[in-house]
Amino acid sequence: MIVVGGGFAGASCARALKQLDRDLAVTLVEPETAYLACPFRNAVLAGLRGIEAQTFRYDQFGDIGLIRTRAVAVDAERRRVRLEDGTDIGYVRLVLAPGVDLRFDALPGYDEAAAAIMPHAWKAGAQTLLLRDQLAAMPDGGVVILSAPANPFRCPPGPYERASLIAHYLKTSKPRSKLIILDAKDAFSKQRLFEAAWQELYPGLIEWVPLSSGGRVTEVDPATRTLVTEFGSHKADVANVIPPQRAGRIAQSAGVADQTGWCPIDPVTFESRLQPAIHVVGDAAIGGAMPKSAFSANAQAKACAAAVAALVRERQPAQPKLINTCYSLVAPGYGISIAGVYQPRDGLLAEVEGAGGTSPLEAPLSVRELEAAYAEDWFRTITSEVFG
Amino acid sequence: MTMRHSKNRRGRLALAPVLLAALAASASAWADAAPGATACTGCHGPAALGSAIPSLDGHAADDIVAQMQAFRSGERKATVMDRIARGFTEEETRAIAEWLAKPEAARHAQP
Ligand SMILES: Cc1cc2nc3c(=O)[nH]c(=O)nc-3n(C[C@H](O)[C@H](O)[C@H](O)COP(=O)(O)OP(=O)(O)OC[C@H]3O[C@@H](n4cnc5c(N)ncnc54)[C@H](O)[C@@H]3O)c2cc1C
């Protein structure tokens with residue numbers, strides 16, 4: 001078994017495969033020596049947390065074979081994965097979990113060079129600290145602009161959690177400043193909860209511009225930090241551009257991504273709809289209502305591992321049932337969540353009706369405090385399950 | 001088995017018989033997890049972690065079923081478990097609880 005990508009999806013899957021069967025030889029291909037987790041990154045950005053708390057080294061993987069390199073190509077017919085150093089390894093079944101790539105071709109003006117000036121901070125790497133430092137250097141009275149892409153993208157509530165925590169930072173350190181969210185959609189995850197909290201905690205500080213009011217950014221100019229929309233242009237002191245995304249590059253070269261850029265999968269086995277014996281889990285996969293979250297990635301990875309283990313034993317894989325819970329911090333000690341339960345239906349992962357939903361709109365502060373504490377505990381538990 | 005070092009072996013046909021023999025001998029309790037059961041461990045970790053989210057270690061199946069019923073009916077107040085419990089039928093809940101209660105279920109991942 002080869003697993004490509006050691007994020008929440010890939011590392012969980014490698015571990016679950018090994019736990020399902022000790023004698024199964026599992027190899028994890030991942031170029032980094034440590035994983036920089038995204039959940040709670042927004043707290044790092046707002047100066048509420050250090051980046052060390054996000055860092056997990058790949059040294060607790062027992063007898064899972066770790067290959068510290070990048071996979072560059074897949075030969076689906078011969079069932080082999082080509083590695084960056086030119087070697088290639090054969091597989092019985094391959095799990096691809098490369099996460100997302102940012103689409104630097106989708107927004108005129110926004111390329112890798114522009115990202116050094118208008119950071120996205122949407123993947124692992126130095127971008128979070130760059131954005132944090134830009135916020136810290138901004139004078140009081142500055143304008144921060146955050147642009148959010150259309151669906152689907154990594155972490156649907158993420159931009160709004162980020163806006164909340166930046167607002168918290170501005171309110172406490174630079175109270176004359178303003179935050180504008182330019183959004184390519186008219187509705188977003190946990191919207192009513194976020195909006196109610198913004199009104200209560202950050203009155204007048206956050207302005208949300210939806211698609212219908214000209215929120216969609218069509219072009220950027222990094223030289224002047226300008227974001228152009230269909231209705232006019234906005235100049236920022238600090239610009240956080242979250243561009244459209246697609247499945248990580250290896251998914252394209254393996255032929256498991258379709259014209260949308262994402263990887264359609266069978267909801268029972270997570271096997272690609274386009275290539276046999278290749279399974280896709282986590283943010284790269286698309287197959288219905290499950291949002292792209294670390295929680296989903298972990299749950300999908302465990303279900304996929306169970307199906308793969310059944311398939312190699314030539315057994316019928318069981319119908320899975322999956323859960324997602326996604327917490328957002330609106331302020332320190334103020335958390336809200338969305339949850340969902342999913343199962344295969346009509347070839348997709350569909351939400352189980354009557355279950356799930358968001359935290360109550362009207363709730364005492366004690367509930368928000370509890371959810372913030374649960375968010376931290378969830379992060380600690382899941383990262384210890386996934387990274388040891 | 002050392003498939004990890006199998007760079008020069010070719011794919012499935014050569015491997016399958018060895019693999020299948022090894023597999024039959026070593027299926028773990030994880031393999032029988034009821035649908036949905038493995039999702040629980042993302043939040044409910046080992047007791048040693050000292051989380052505010054309680055560990056499920058050492059709970060009896062009847063107890064887990066009763067708690068899930070109370071979450072579902074709203075009798076037990078919750079932040080998220082009420083929303084999750086409603087996604088599982090009585091039968092599914094029972095199967096999950098019985099798996100979680102097995103001491104050999106070896107829920108917490110250690111490769
Ligand atoms: C700001 C922010 C906040 C978030 N907050 C939350 C939250 O509170 N809760 C939540 O559940 N989710 C949250 N998320 C979403 C979560 O981070 C992702 O859904 C999750 O990381 C997806 O996991 P993954 O394993 O699919 O991808 P990733 O975590 O991106 O992992 C992919 C891995 O694959 C490796 N890789 C890529 N290509 C190759 C290759 N060719 N060869 C080898 N290795 C490769 C990469 O190095 C990486 O380690 C947040 C995201 C962001 C950006």
Side-chain angles (χ1 to χ4, degrees), chain A residues 1 14-16 18-27 61-65 78-80 87-92 277 295 298-299 302-303 306 309 312-314 318-323 325 337 339-341 352 354-357 359 367 370-371 373-374 377-378 380-382 384-386 388, chain B residues 1-12 14-16 19-46 49-53 55 72 77 79-89 92 96 106-111:
Chain A
M1 303 297 132
R15 226 173 244 265
K18 200 71 197 167
Q19 200 165 32
L20 279 154
D21 207 302
R22 293 228 145 257
D23 289 339
L24 211 55
V26 182
T27 298
F61 277 76
D63 51 0
I64 290 170
R78 292 172 56 233
R79 304 205 173 174
R80 299 192 77 79
T87 58
D88 67 320
I89 44 177
Y91 61 83
V92 176
F295 197 117
N298 171 259
K302 290 186 277 196
V312 296
R313 261 181 239 128
E314 296 179 350
Q319 292 277 314
K321 198 125 184 189
L322 297 127
I323 299 173
T325 306
S337 67
V341 183
V352 174
S359 315
V367 169
L370 199 56
E371 293 226 271
Y374 282 174
D377 283 336
W378 162 75
R380 218 152 43 99
T381 301
I382 201 159
S384 89
E385 181 183 65
V386 180
Chain B
M1 265 212 9
T2 52
M3 219 176 86
R4 252 187 299 153
H5 308 296
S6 66
K7 278 192 185 168
N8 41 21
R9 286 202 218 167
R10 275 290 173 93
R12 183 192 208 171
L15 275 172
L19 197 64
L20 287 174
L23 286 169
S26 64
S28 77
W30 249 57
D32 322 314
T38 57
C40 305
T41 57
C43 290
H44 296 274
L49 266 185
S51 165
I53 304 170
S55 169
R72 206 177 296 131
K77 290 274 166 270
T79 56
V80 295
M81 273 313 295
D82 51 344
R83 292 178 253 161
I84 292 169
R86 289 196 300 269
F88 292 87
T89 63
E92 289 167 337
I96 292 171
R107 291 188 292 280
H108 307 303
Q110 260 147 32

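Chain identifiers are assigned alphabetically (A, B, ...) following the order of the sequence lines, protein sequences preceding nucleic acid strands; residue numbering begins at 1 within each chain. This one's a predicted model, so the numbers in the text were calculated from it and none came from an experiment. These numbers come from the heavy atoms of this one structure, side chains and all, not from hydrogens, waters or symmetry mates.
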Participant: With the threshold set at 4.0 Å, does a side-chain nitrogen-carboxylate oxygen contact exist between B:Arg83 and A:Glu371?
Facilitator: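 A salt bridge links B:Arg83 with A:Glu371.
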Participant: Can you tell me which of A:Val352, A:Val341, A:Thr381 forms the most heavy-atom pairs within a distance under 4.5 Å of chain B?
Facilitator: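 Of A:Val352, A:Val341, A:Thr381, A:Thr381 has the most heavy-atom pairs under 4.5 Å with chain B.
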Participant: Please flag which part of A:Ala373 lies under 4.5 Å from any non-hydrogen atom of chain B: side chain, backbone, both or neither.
Facilitator: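 Nothing of A:Ala373, per the 4.5 Å heavy-atom cut-off to chain B.
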Participant: With the side chain counted from C-beta on, respond yes when B:Glu92 and B:Pro35 share a heavy-atom pair under 4.5 Å apart, and no when they do not.
Facilitator: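 Not touching, per the 4.5 Å side-chain cut-off.
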Participant: Do the side chains of A:Tyr374 and B:Thr79 get nearer than 4.5 Å, heavy atoms only?
Facilitator: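 They are in side-chain contact.
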Participant: If we define contacts as heavy-atom pairs under 4.5 Å, which of A:Pro320, A:Gly357, A:Ala299 has the most with chain B?
Facilitator: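 So the answer, after comparing A:Pro320, A:Gly357, A:Ala299, is A:Gly357.
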Participant: Against chain A, work out which of B:Ile96, B:Asp82, B:Thr41 has the most heavy-atom pairs shorter than 4.5 Å and name it.
Facilitator: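 Of B:Ile96, B:Asp82, B:Thr41, B:Thr41 has the most heavy-atom pairs under 4.5 Å with chain A.
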Participant: Do you know which of A:Ala306, A:Ala318, A:Ser359 has the most heavy-atom pairs under 4.5 Å to chain B?
Facilitator: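 It is A:Ser359.
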Participant: Counting heavy-atom pairs under 4.5 Å to chain A, which of B:Ala52, B:Gly45, B:Ala34, B:Cys40 comes out on top?
Facilitator: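 Looking at each of B:Ala52, B:Gly45, B:Ala34, B:Cys40 in turn, B:Ala52 comes out on top.
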Participant: If you count heavy-atom pairs within less than 4.5 Å of chain A, which of B:Gly50, B:Ala39, B:Cys43 leads?
Facilitator: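 Option with the top pair count is B:Cys43.
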Participant: Do A:Arg79 and A:Val92 have side-chain heavy atoms sitting under 4.5 Å apart?
Facilitator: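 In short, these two side chains do not touch, never coming nearer than 4.5 Å.
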Participant: How many angstroms lie between atom CZ of A:Arg380 and atom CG of B:Leu49, to the nearest 0.5 angstrom?
Facilitator: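 With rounding to 0.5 Å, CZ (A:Arg380) is 6.0 Å from CG (B:Leu49).
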Participant: Check whether any side-chain heavy atom of A:Ile323 lies under 4.5 Å from a side-chain heavy atom of B:Phe88, and answer yes or no.
Facilitator: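 Yes, at least one pair of side-chain atoms sits under 4.5 Å.
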